[in-house]
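Treat the numbers as computed from the prediction; the structure is a model and nothing was measured. Indexing begins at 1, ligand by ligand and atom by atom, following the structure's order.
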Amino acid sequence: MTARDFVPPTNDLAALAAASLTCKGCHLWEHATQTVFGEGPPGARVVLVGEQPGDKEDLAGEPFVGPAGGLLDRALADAGIDRSMTYVTNIVKHFKWTPRGKRRIHQKPNATEIKACWPWLEAEVAAIKPDIVVCLGATAAQGVLGRQFKVTQRRGEILESPHGWRVTATVHPSSILRADDARRQLEYEAFVRDLQAVAPLLA
Ligand code: URA
Ligand code: SF4
(Lines give C-alpha, C1' and ligand atoms only; values in the text may rest on other atoms or scores of the structure.)
(Ligands and ions follow the chains in the order given, each with its own letter.)
Protein backbone atom coordinates (compact mmCIF):
# COMPACT_ATOMS: atom_id res chain seq x y z
CA MET A 1 0.00 0.00 0.00
CA THR A 2 1.08 3.55 -0.70
CA ALA A 3 -0.62 6.89 -1.16
CA ARG A 4 -0.28 6.43 -4.92
CA ASP A 5 -3.86 5.23 -5.33
CA PHE A 6 -5.21 8.25 -3.46
CA VAL A 7 -3.31 11.04 -5.24
CA PRO A 8 -5.43 12.55 -8.02
CA PRO A 9 -3.70 13.44 -11.30
CA THR A 10 -3.80 17.21 -10.82
CA ASN A 11 -1.54 20.15 -10.08
CA ASP A 12 -4.32 21.85 -8.15
CA LEU A 13 -3.06 22.08 -4.56
CA ALA A 14 -6.53 22.49 -3.08
CA ALA A 15 -7.69 19.34 -4.88
CA LEU A 16 -4.63 17.45 -3.64
CA ALA A 17 -5.23 18.66 -0.09
CA ALA A 18 -8.87 17.61 -0.24
CA ALA A 19 -7.97 14.16 -1.58
CA SER A 20 -5.32 13.66 1.11
CA LEU A 21 -8.00 13.78 3.80
CA THR A 22 -9.19 10.29 2.85
CA CYS A 23 -5.76 8.73 2.30
CA LYS A 24 -5.31 5.23 3.68
CA GLY A 25 -1.99 4.63 1.98
CA CYS A 26 -0.47 3.26 5.20
CA HIS A 27 -1.86 2.45 8.62
CA LEU A 28 -1.00 5.81 10.23
CA TRP A 29 -4.41 7.36 9.49
CA GLU A 30 -6.02 4.93 11.94
CA HIS A 31 -4.78 6.57 15.14
CA ALA A 32 -4.49 10.17 13.97
CA THR A 33 -7.18 12.85 14.11
CA GLN A 34 -6.79 13.95 10.51
CA THR A 35 -4.39 14.31 7.60
CA VAL A 36 -2.16 17.35 7.96
CA PHE A 37 -1.44 18.41 4.41
CA GLY A 38 0.98 21.16 3.42
CA GLU A 39 -0.04 24.77 3.59
CA GLY A 40 0.97 27.85 1.68
CA PRO A 41 0.43 29.71 -1.58
CA PRO A 42 0.62 27.75 -4.87
CA GLY A 43 3.17 30.30 -6.08
CA ALA A 44 5.54 29.73 -3.13
CA ARG A 45 9.22 29.75 -4.15
CA VAL A 46 10.30 27.74 -1.10
CA VAL A 47 8.90 24.42 0.10
CA LEU A 48 9.84 23.54 3.69
CA VAL A 49 9.57 19.85 4.56
CA GLY A 50 9.37 18.63 8.17
CA GLU A 51 9.00 15.10 9.50
CA GLN A 52 5.37 14.61 10.41
CA PRO A 53 2.67 16.53 12.26
CA GLY A 54 2.99 16.62 16.04
CA ASP A 55 0.28 16.60 18.69
CA LYS A 56 -0.80 20.22 18.09
CA GLU A 57 -0.71 19.88 14.32
CA ASP A 58 -2.78 16.69 14.47
CA LEU A 59 -5.49 18.51 16.38
CA ALA A 60 -5.33 21.73 14.33
CA GLY A 61 -4.98 20.06 10.93
CA GLU A 62 -2.15 22.45 10.05
CA PRO A 63 1.62 21.93 9.83
CA PHE A 64 4.09 23.51 12.26
CA VAL A 65 1.64 25.28 14.55
CA GLY A 66 3.11 23.89 17.81
CA PRO A 67 6.37 24.74 19.62
CA ALA A 68 8.61 23.70 16.70
CA GLY A 69 6.47 25.86 14.44
CA GLY A 70 6.95 28.85 16.71
CA LEU A 71 10.70 28.47 16.50
CA LEU A 72 10.52 27.98 12.74
CA ASP A 73 8.49 31.19 12.36
CA ARG A 74 11.04 33.17 14.35
CA ALA A 75 14.02 31.71 12.47
CA LEU A 76 12.43 32.37 9.07
CA ALA A 77 11.76 35.97 10.09
CA ASP A 78 15.35 36.35 11.32
CA ALA A 79 16.55 34.93 7.98
CA GLY A 80 14.46 37.51 6.12
CA ILE A 81 11.97 34.95 4.80
CA ASP A 82 8.24 35.58 5.19
CA ARG A 83 6.60 32.29 6.24
CA SER A 84 3.38 33.24 4.49
CA MET A 85 5.34 33.22 1.21
CA THR A 86 6.55 29.66 1.80
CA TYR A 87 4.79 26.33 1.50
CA VAL A 88 5.19 24.28 4.66
CA THR A 89 4.63 20.54 4.69
CA ASN A 90 5.88 17.23 6.09
CA ILE A 91 7.31 14.09 4.55
CA VAL A 92 4.61 12.08 6.39
CA LYS A 93 1.12 13.53 6.69
CA HIS A 94 -0.32 11.71 9.71
CA PHE A 95 0.78 11.96 13.36
CA LYS A 96 2.42 8.77 14.62
CA TRP A 97 2.31 8.46 18.38
CA THR A 98 2.26 6.18 21.36
CA PRO A 99 0.37 6.87 24.61
CA ARG A 100 2.23 7.71 27.78
CA GLY A 101 -0.29 8.43 30.50
CA LYS A 102 -2.57 11.08 29.07
CA ARG A 103 0.08 12.32 26.64
CA ARG A 104 0.66 11.31 23.06
CA ILE A 105 4.36 10.81 22.48
CA HIS A 106 5.72 11.37 18.98
CA GLN A 107 7.22 8.36 17.23
CA LYS A 108 9.47 8.56 14.20
CA PRO A 109 7.90 7.34 10.98
CA ASN A 110 9.61 4.24 9.59
CA ALA A 111 10.90 3.67 6.04
CA THR A 112 7.68 1.96 4.93
CA GLU A 113 5.52 4.87 6.09
CA ILE A 114 7.84 7.44 4.53
CA LYS A 115 7.75 5.56 1.24
CA ALA A 116 3.97 5.17 1.42
CA CYS A 117 3.45 8.90 1.92
CA TRP A 118 5.99 10.00 -0.68
CA PRO A 119 3.48 10.46 -3.58
CA TRP A 120 1.91 13.37 -1.67
CA LEU A 121 5.16 15.32 -1.37
CA GLU A 122 5.96 14.52 -4.97
CA ALA A 123 2.57 15.92 -6.02
CA GLU A 124 3.00 19.04 -3.86
CA VAL A 125 6.41 19.80 -5.36
CA ALA A 126 5.17 19.07 -8.90
CA ALA A 127 2.27 21.47 -8.38
CA ILE A 128 4.35 24.28 -6.87
CA LYS A 129 7.62 23.93 -8.81
CA PRO A 130 9.57 25.80 -6.12
CA ASP A 131 13.04 27.27 -6.51
CA ILE A 132 14.20 25.16 -3.59
CA VAL A 133 13.02 22.44 -1.21
CA VAL A 134 14.34 22.85 2.34
CA CYS A 135 14.47 19.64 4.36
CA LEU A 136 14.12 20.18 8.11
CA GLY A 137 15.91 17.35 9.92
CA ALA A 138 17.28 13.95 9.02
CA THR A 139 13.96 12.21 8.36
CA ALA A 140 12.96 14.65 5.62
CA ALA A 141 16.52 14.95 4.30
CA GLN A 142 17.01 11.20 4.02
CA GLY A 143 13.58 10.76 2.50
CA VAL A 144 14.43 13.27 -0.22
CA LEU A 145 18.20 12.75 -0.64
CA GLY A 146 18.66 9.08 0.29
CA ARG A 147 19.22 7.07 3.45
CA GLN A 148 22.99 7.73 3.47
CA PHE A 149 22.57 11.50 3.63
CA LYS A 150 24.05 13.09 6.75
CA VAL A 151 22.59 16.46 7.76
CA THR A 152 25.41 17.05 10.24
CA GLN A 153 27.99 16.87 7.44
CA ARG A 154 26.10 18.53 4.61
CA ARG A 155 23.69 21.03 6.13
CA GLY A 156 23.37 24.28 4.22
CA GLU A 157 24.75 22.89 0.93
CA ILE A 158 22.69 23.46 -2.20
CA LEU A 159 22.14 20.05 -3.79
CA GLU A 160 20.15 18.33 -6.48
CA SER A 161 17.92 15.45 -5.41
CA PRO A 162 17.57 12.25 -7.48
CA HIS A 163 14.20 13.66 -8.71
CA GLY A 164 15.87 16.79 -10.02
CA TRP A 165 14.72 19.09 -7.23
CA ARG A 166 17.02 21.79 -5.94
CA VAL A 167 17.34 20.92 -2.26
CA THR A 168 19.05 21.99 0.89
CA ALA A 169 18.91 20.37 4.32
CA THR A 170 19.21 21.71 7.81
CA VAL A 171 18.31 20.57 11.31
CA HIS A 172 14.78 20.13 12.59
CA PRO A 173 13.55 23.03 14.74
CA SER A 174 12.66 20.53 17.51
CA SER A 175 16.33 19.64 17.86
CA ILE A 176 17.01 23.26 18.80
CA LEU A 177 14.24 23.20 21.40
CA ARG A 178 15.78 20.02 22.85
CA ALA A 179 19.35 21.40 22.94
CA ASP A 180 20.72 22.26 26.36
CA ASP A 181 20.85 25.89 27.43
CA ALA A 182 24.52 26.32 26.54
CA ARG A 183 24.01 25.12 22.97
CA ARG A 184 20.56 26.43 22.11
CA GLN A 185 21.50 29.93 20.95
CA LEU A 186 24.38 28.66 18.81
CA GLU A 187 22.18 26.00 17.25
CA TYR A 188 19.53 28.59 16.57
CA GLU A 189 22.00 30.92 14.86
CA ALA A 190 23.32 28.09 12.69
CA PHE A 191 19.74 27.25 11.70
CA VAL A 192 19.07 30.87 10.72
CA ARG A 193 22.29 30.88 8.64
CA ASP A 194 21.17 27.77 6.76
CA LEU A 195 17.84 29.45 6.02
CA GLN A 196 19.58 32.68 4.96
CA ALA A 197 21.50 30.74 2.30
CA VAL A 198 18.16 30.07 0.62
CA ALA A 199 17.05 33.70 0.27
CA PRO A 200 19.33 34.66 -2.68
CA LEU A 201 18.08 31.67 -4.70
CA LEU A 202 14.52 32.89 -4.75
CA ALA A 203 13.37 34.18 -8.10
N1 URA B 1 7.34 18.78 13.52
C2 URA B 1 7.29 18.48 12.22
O3 URA B 1 8.17 17.84 11.66
N4 URA B 1 6.25 18.89 11.53
C5 URA B 1 5.27 19.59 12.05
O6 URA B 1 4.34 19.92 11.33
C7 URA B 1 5.34 19.92 13.42
C8 URA B 1 6.37 19.48 14.13
FE1 SF4 C 1 -1.70 8.34 3.60
FE2 SF4 C 1 0.59 9.46 4.36
FE3 SF4 C 1 -1.40 9.29 6.05
FE4 SF4 C 1 -0.09 7.11 5.42
S5 SF4 C 1 0.74 8.89 6.52
S6 SF4 C 1 -2.33 7.31 5.50
S7 SF4 C 1 0.35 7.51 3.24
S8 SF4 C 1 -1.40 10.51 4.18
Query raised in the report: Between F6 and ligand 2, which part of the residue brings a heavy atom under 4.0 Å of the ligand: side chain, backbone, both or neither?
Result: neither

Report task. Determine, using heavy atoms of S20 and all atoms of ligand 2, whether some pair is separated by less than 4.0 Å. Result -> no

Taking 4.0 angstrom as the limit and counting only heavy atoms of [X], give me the atoms of ligand 2 inside it, by number and element.
X	result
G25	1 (Fe), 6 (S), 7 (S)
A116	7 (S)
C117	2 (Fe), 5 (S), 7 (S), 8 (S)

Query raised in the report: Nearest heavy-atom pair of W120 and A19: which atoms, and what distance?
Result: CH2-C, 3.7 Å

Regarding [X] and [Y], does a basic nitrogen lie under 4.0 Å from an acidic carboxylate oxygen?
X	Y	result
E122	R4	yes
R154	E157	yes
D180	R183	no
K93	E124	yes

Report task. Would you check whether P53 has a nitrogen or oxygen atom less than 3.5 angstrom from a nitrogen or oxygen atom of ligand 1? Result -> no

Return the closest protein heavy atom for [atom] as residue, atom name and distance.
atom	value
atom 4 (Fe) of ligand 2	C26 SG, 2.3 Å
atom 1 (Fe) of ligand 2	C23 SG, 2.3 Å
atom 4 (N) of ligand 1	N90 OD1, 2.7 Å
atom 3 (Fe) of ligand 2	H94 ND1, 2.1 Å

Query - Region of E57 that comes within reach of ligand 1 [heavy atoms, distance under 4.0 Å] - result: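 Within the 4.0 Å criterion, E57 contacts ligand 1 through side-chain atoms alone.
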
Query raised in the report: Counting heavy atoms only, which part of Q52 comes closer than 4.0 Å to ligand 1: side chain, backbone, both or neither?
Result: backbone

Query raised in the report: If you count the atoms of ligand 1 from 1 in the order shown, which ones are under 4.0 Å from a heavy atom of H172?
Result: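 By the 4.0 Å cutoff, the relevant atoms are 1 (N), 2 (C), 3 (O).
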
Query raised in the report: What atoms of ligand 1 come closer than 4.0 angstrom to any heavy atom of G50?
Result: 3 (O)

Report task. List the steps, then state whether side chain to side chain donor-acceptor pair (under 3.5 Å) holds for T10 with D12. Result -> CA-CA 5 Å; T10 175; D12 183 323; 5.1 Å; no

Requested in this report: Step by step, work out the side chain to side chain donor-acceptor pair (under 3.5 Å) result for H94 and E113.
Outcome: CA-CA 10 Å; H94 274 107; E113 293 148 358; over 6 Å; no

Report task. Could you tell me whether the side chain of R166 and the main chain of D131 form a donor-acceptor pair under 3.5 Å? Result ->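 Side chain of R166 to backbone of D131: a pair is present.
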
Query raised in the report: Relative to each other, are the rings of W165 and H163 parallel, tilted or perpendicular (30° and 60° limits)?
Result: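 Tilted.
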
